[in-house]
There are 2 protein chains.
Amino acid sequence: MRLVVARCQVDYAGRLTAHLPMATRLIMVKSDSSVSIHADDRAYKPLNWMSPPCTLEVREPAQDEQAVVAELDDRLTQVWQVTGKDGDTLQIAIAEVLHDSSHDLGVDPGLQKDGVEAHLQELLAENPEVFGPGVRLVRREYMTAIGPVDLLCRTADGRHLAVEVKRRGEIDGVEQLTRYLELMRRDPLLGDVEGVFAAQQIKPQARVLATDRGIACVTVDYDALRGMDNADERLF
Amino acid sequence: MRLVVARCQVDYAGRLTAHLPMATRLIMVKSDSSVSIHADDRAYKPLNWMSPPCTLEVREPAQDEQAVVAELDDRLTQVWQVTGKDGDTLQIAIAEVLHDSSHDLGVDPGLQKDGVEAHLQELLAENPEVFGPGVRLVRREYMTAIGPVDLLCRTADGRHLAVEVKRRGEIDGVEQLTRYLELMRRDPLLGDVEGVFAAQQIKPQARVLATDRGIACVTVDYDALRGMDNADERLF
DNA sequence: GTGTCCATTTCGAGG
DNA sequence: CCTCGAAGTGGACAC
């Protein structure tokens, strides 16, 4: 990885045209040849970038390119031409290099994610009693015409529970469950179907909407659930 | 902006839990206190990050934290604790710092974009006759209960046109327009409303779906439209 | 503040 | 290969 801090102006031409006026920025060149340009704010998104695969070519600035920045009393020292696979180009015209260092980072072992919705759903499927005493799992990913309901359960007294599982409970999750419930309640085979909105955190507005629609809200303690799971393993 | 290249392991806890094993990476700390961690590939997205506002705290590694990496024959030298606004945390446990430099970049003048949907919509608003002879603009961003229609126009014979503008015409754009049309056709004030799907490119499936639903497809030549715009300026 | 939609979205799964 | 949908999406703008 090469890190260059430089006073530069940048022009991108591809799906759109974009221009960055002369200013000091970080230019990051990675070992897969991808290039990104960062300002001193915003963590996530670079100002400009070129995804791999792409090629980087350094050339002398042309005479007419000098004219563009001449009014700023600046002189271009080099121009980086980055060309992507779809013919899109990223041109970095550098006036002054303030820092330039290269680093051997090696291959990254990669990100391990945990606590995603799938795992939360898995844990809840193994512990349906969190929705009430005697509640049993009928099946996960119960298919309806408009998509799968996360969990379909059955209470001790024979009612069905349609459970929507989210990490963070927000309004769109309630809307989703509402659509499922509307469909499922038309199915005579299912009989009475109640909605349960289960999430690690439920936003106040989502809770209000859910309650208004007669949908029960269950906040799930992920670590406690994982603990129950471990306890189960130890007991049986 | 501070650039640190270090052998580190990273743990994020927030909307999900994520772990990066010990490896050499770039840690970028920006002047808005945001932090991002980059591997030596992928231009766009950091491996891990914390969006501003957030606070960075450096502390000594605890004894039990050493144990985690001890098997790797590594020793932690410092731990960076980054805390975000929603209580999510990013913990960067550093074994060895290979590079550390700070740079004053100043405020970036910002990106100037051209050719995005907003500009395309603007050009079409100024040239509604591309939708047919005598077509006039009623208004841009015509509000409906479920969102704004990009352009509402009126034909010479008094019918309304609801125009959805996209850079790339795909199926979801047709769906979006269909939802708008469904609502607008219930409005007696509007009378007859026809749908127009306008994009620089329209994918075959999107065109099929649109045609099936009686929605007209218009492919827009961006450069030609810009030319018309310039011609207009010269003529009047 | 919330709600909605765009993005050079990126990214991954599944057909 | 394409299509579909999620993302720690982020970001902008209307209300």
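Predicted model only: the values in this text are computed from it and were never measured. Letters go in sequence order (proteins before strands), and every chain restarts at 1. Quick note: numbers below take in every heavy atom, side chains included, and nothing from hydrogens, waters or symmetry partners.
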- request: May I have the distance from A:Gln121 (atom CD) to D:dA6 (atom C1'), rounded to whole angstrom?
  value: 15 Å

query: For B:Gln176, which contact category applies under a 4.0 Å heavy-atom criterion: base, sugar-phosphate, or nothing?
result: sugar-phosphate

message: Regarding B:Tyr180, tell me which of base, sugar-phosphate or nothing describes its non-hydrogen contacts under 4.0 Å with the strands shown.
response: sugar-phosphate

field: Check: A:Gln121/A:Glu141 side-chain N/O donor and acceptor closer than 3.5 Å
entry: yes

message: Expressed as a whole number of angstroms, how long is the span from A:Lys166:NZ to D:dG8:P?
response: 13 Å

task: Have a look at B:Glu164 and say if it touches a base, only the backbone sugar-phosphate, or nothing, with a 4.0 Å heavy-atom cut-off.
output: sugar-phosphate

Pairwise C1' distance for C:dA7 and C:dC11, with rounding to whole Å: 14 Å

- prompt: Would you say the side-chain atoms of A:Thr24 and A:Arg7 include a donor-acceptor pair closer than 3.5 Å?
  reply: no

message: If you go through the side-chain atoms of B:Tyr12, does one of them form a donor-acceptor pair with the base of D:dG8 closer than 3.5 Å?
response: yes

Nearest heavy-atom neighbours spanning B:Val138 and B:Cys153: CG2-C, 3.8 Å

query: Expressed in angstrom and rounded to an integer, what is the separation of B:Trp49 atom CH2 from D:dG8 atom P?
result: 5 Å

statement: Shortest non-hydrogen pair, B:Arg167 vs B:Val116, comes out as CD-CA, 4.3 Å

- prompt: Which pair of non-hydrogen atoms, one from B:Ala39 and one from A:Met1, has the smallest distance, and what is that distance?
  reply: O-CE, 3.2 Å

statement: Nearest-nucleotide check on DNA chain D, A:Leu111 vs B:Ile171; residue mapping nearer the 5' end is B:Ile171

Sugar-phosphate, base or nothing in reach of B:Asn48, heavy atoms under 4.0 Å: base

query: Would you say B:Lys45 reaches D:dG8's phosphate, i.e. side-chain N/O to OP1/OP2 under 4.0 Å?
result: yes

query: With a non-hydrogen cut-off below 4.0 angstrom, is A:Met50 in contact with a base, only sugar-phosphate, or nothing?
result: nothing

statement: Hits for side-chain hydrogen bond (donor to acceptor under 3.5 Å, both in side chains) against B:Glu122, two or more places apart or cross-chain, chain-then-number order -> none

task: Look only at the side chain of A:Thr211 and the backbone of A:Arg207, and say whether a donor-acceptor pair between them is shorter than 3.5 Å.
output: yes

message: If the cut-off is 4.0 Å, is A:Lys113 near the phosphate of D:dG8, judged by side-chain N/O to OP1 or OP2?
response: yes

message: Any side-chain N or O of A:Arg42 below 4.0 angstrom from OP1/OP2 of D:dA12?
response: yes

- line: Contacted region of DNA chain C by chain A, from 5' end to 3' end of the hits, cut-off under 4.0 Å to heavy atoms, spans C:dT2 to C:dT10

query: If we only count heavy atoms from C-beta on, is the B:Glu175 to B:Leu209 side-chain gap below 4.5 Å?
result: yes

statement: In whole angstroms, the gap separating P of D:dG8 from CG of B:Leu90 amounts to 13 Å

message: Please report the distance separating the C1' of D:dA7 from the corresponding atom of D:dG11, rounded so that it comes out in whole Å.
response: 14 Å

- prompt: 5'-most contact on DNA chain C: B:Arg179 or B:Arg168, nearest heavy atom basis?
  reply: B:Arg179

query: Roughly, in whole Å, what's the span from CG in B:Leu20 to P in D:dG8?
result: 13 Å

